[in-house]
Amino acid sequence: MTCRFSIRLWNICIASLCKARLLKKAEAVIIDGIRIGYLPDVVTYNTLVAAYCRFVGVDEAYLVLSRMREAGVKPDVITYNSLIAGAARHSLPSRSLDFFEEMLKIGIDPNVWSYNTLMHCLFKSGYPEVAYKFFLDMISKNVHPSPFTYNTLLNGLCKSGHARNALKLLRSLERRGFSAEIVTYNTIIDGLCKAGMYGAAKRILTEIGESSHSPNAITYTTIMKCCFRSGKFKQGLEVFAAMMDKGYTSDVFGYCTIISALIKMGMIVEAHSCTDEMLKNGIGLDMACYNTLIYMYCKEGKMSTAFQVLNEVVEAGLESDEYTHSILVDGLCKTGSVDGAYKYLERMEARGFNSNLVAYNSLLDGLCKVGKLDAALELFNKMQVKDSFTYASLLHGLCKAGRFRLASKHMRTCLREGISVLASAQRAVVSGLRSSGLKRDAVKLRAAIRTARILRC
DNA sequence: TTAGGGTTAG
């Protein structure tokens with residue numbers, strides 16, 4: 001009895017070390033324990049598997065599973081749930097599925113937690129149909145969905161562009177006795193806002209007021225962001241003030257949202273005050289927040305300070321991401337250093353970073369604006385993915401250089417592929433064709449634009 | 001294991 005109690009304490013000690021990310025220390029405690037006769041059990045190994053998944057990687061966690069087997073300890077559903085969650089955290093849907101299948105193969109029955117995690121991973125990775133298939137699978141196997149399952153399903157539907165269906169599903173679930181939680185409400189509000197269904201989002205907010213739940217900081221941040229996204233800056237600021245008045249403490253998400261909006265409104269002084277307040281409140285900065293600060297300095301034209309913040313990112317042990325690079329490339333272009341932006345992107349690519357669409361769009365726009373059209377066209381041809389931003393910059397650049405025939409050709413590509421083009425760019429191409437004597441081309445293009453508009457309706 | 005934040009065209 002005493003011995004079992006000691007092993008329990010030993011496992012608690014290992015779990016504490018793992019929680020503090022002290023994995024080597026945890027391993028050393030295990031070795032010391034074995035020396036004095038303690039044998040790691042399934043709890044010990046599961047703790048290690050979860051910690052390796054969280055702080056190291058899925059492959060390393062799987063090696064722990066091999067060690068577990070070698071030691072004659074059988075993995076259980078918790079072991080596999082940790083592995084599935086680890087794969088989900090690293091956005092590895094195929095690994096998640098592999099673990100799920102392996103679990104079935106060795107005779108471990110997945111539980112509701114296994115399904116929830118797998119579904120979340122699949123939704124997050126852009127496989128909503130496969131995720132939904134597993135929802136049906138769990139029902140067919142009599143694994144009862146939990147509120148967590150429904151929240152995951154609703155969130156997955158919203159994130160994959162099916163907010164309307166998510167709302168319908170919520171209503172149907174409510175009719176069958178499901179009681180929405182604050183997570184459910186926040187999920188649906190965010191989905192509806194992102195789909196532009198503001199009226200429906202507002203009705204859900206009213207429902208929260210009528211329910212036994214209270215809005216939390218996430219509700220406020222979601223509403224605030226919704227206001228900013230729809231151009232209602234004043235209302236967004238009011239939501240932030242209301243949140244603070246009600247005694248909620250804003251976290252890094254809230255501050256990030258508000259600072260970014262202030263920068264966009266040109267309220268740099270206020271953005272700085274808000275940043276100071278955030279730092280004074282001891283809010284830990286994450287990469288998204290550092291990106292907002294870098295964005296602030298770029299907008300002020302203080303590129304050297306922006307790069308200083310980038311150094312702080314490295315010192316903080318964080319890794320810059322695609323947002324960082326896009327913001328800096330755009331900042332360099334807008335402060336007149338298009339060459340610097342080009343070189344920066346080249347350096348990033350040499351370091352193995354895959355350039356993203358936004359960074360390329362910013363550079364393309366920068367090149368067009370300084371009249372380096374050939375370089376812009378070279379970049380345009382190199383780009384694998386293009387969107388309405390790409391074409392807007394290119395069309396304006398081509399029109400500015402009087403190359404209306406080429407602009408017209410690209411305009412037609414947009415119409416054919418359903419890429420929306422700014423009305424100003426459309427006008428520039430049509431009037432450019434007309435003024436340069438290509439009247440028939442102008443008429444034809446205008447007709448094509450009208451047809452495309454009708455077909456879209 | 002579920003909810004919110006950060007970048008580009010005019």
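Remember, predicted model here, so these are calculated numbers, not experimental data. A note on names: the letters A, B, ... follow the listed sequences, proteins ahead of strands, and every chain is numbered from 1. Quick note: numbers below take in every heavy atom, side chains included, and nothing from hydrogens, waters or symmetry partners.
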Counting only side-chain nitrogens and oxygens, does A:K334 get under 4.0 Å of the OP1 or OP2 atom of B:dT7?
no
Report yes if at least one side-chain N or O of A:Y295 is closer than 4.0 Å to OP1 or OP2 of B:dT8; otherwise report no.
yes
When you measure from the side-chain N and O atoms of A:N155 to the phosphate of B:dA3, is any distance below 4.0 Å, counting only OP1 and OP2?
yes
Has the side chain of A:N216 got a donor or acceptor atom sitting under 3.5 Å from an opposite partner on the base of B:dA3?
yes
Pairs of donor and acceptor atoms involving the side chains of residues 233-241 of chain A, under 3.5 Å and at least two apart or interchain, shall be tabulated with distances.
unit_1: A:K234; atom_1: NZ; unit_2: A:E238; atom_2: OE2; d: 3.4

Would you give me the side-chain donor-acceptor pairs under 3.5 Å for residues 336-343 of chain A, sequence neighbours excluded?
unit_1: A:S337; atom_1: OG; unit_2: A:G340; atom_2: N; d: 3.4
unit_1: A:D339; atom_1: OD1; unit_2: A:K372; atom_2: NZ; d: 3.0

Report the distance from atom CG of A:L394 to atom NE2 of A:H410, rounding to the nearest 0.5 Å.
5.0 Å
According to a strict under-4.0 Å criterion, is A:K159 in side-chain N/O contact with OP1 or OP2 of B:dG4?
yes
Quick note, A:D365 side chain, CB onward, closest among B:dA3, B:dT8, B:dA9 is B:dA9
Proximity to DNA chain B (any heavy atom under 4.0 Å), residues of residues 255-264 of chain A only
A:C256, A:T257, A:S260, A:K264
Output yes when at least one side-chain N/O atom of A:R229 is less than 4.0 Å from OP1 or OP2 of B:dG5, else no.
yes
Taking the cut-offs as 6.0 angstrom to the six-membered ring centre and 45 degrees off its axis, would you call A:K386 and A:F380 a cation-pi pair?
yes
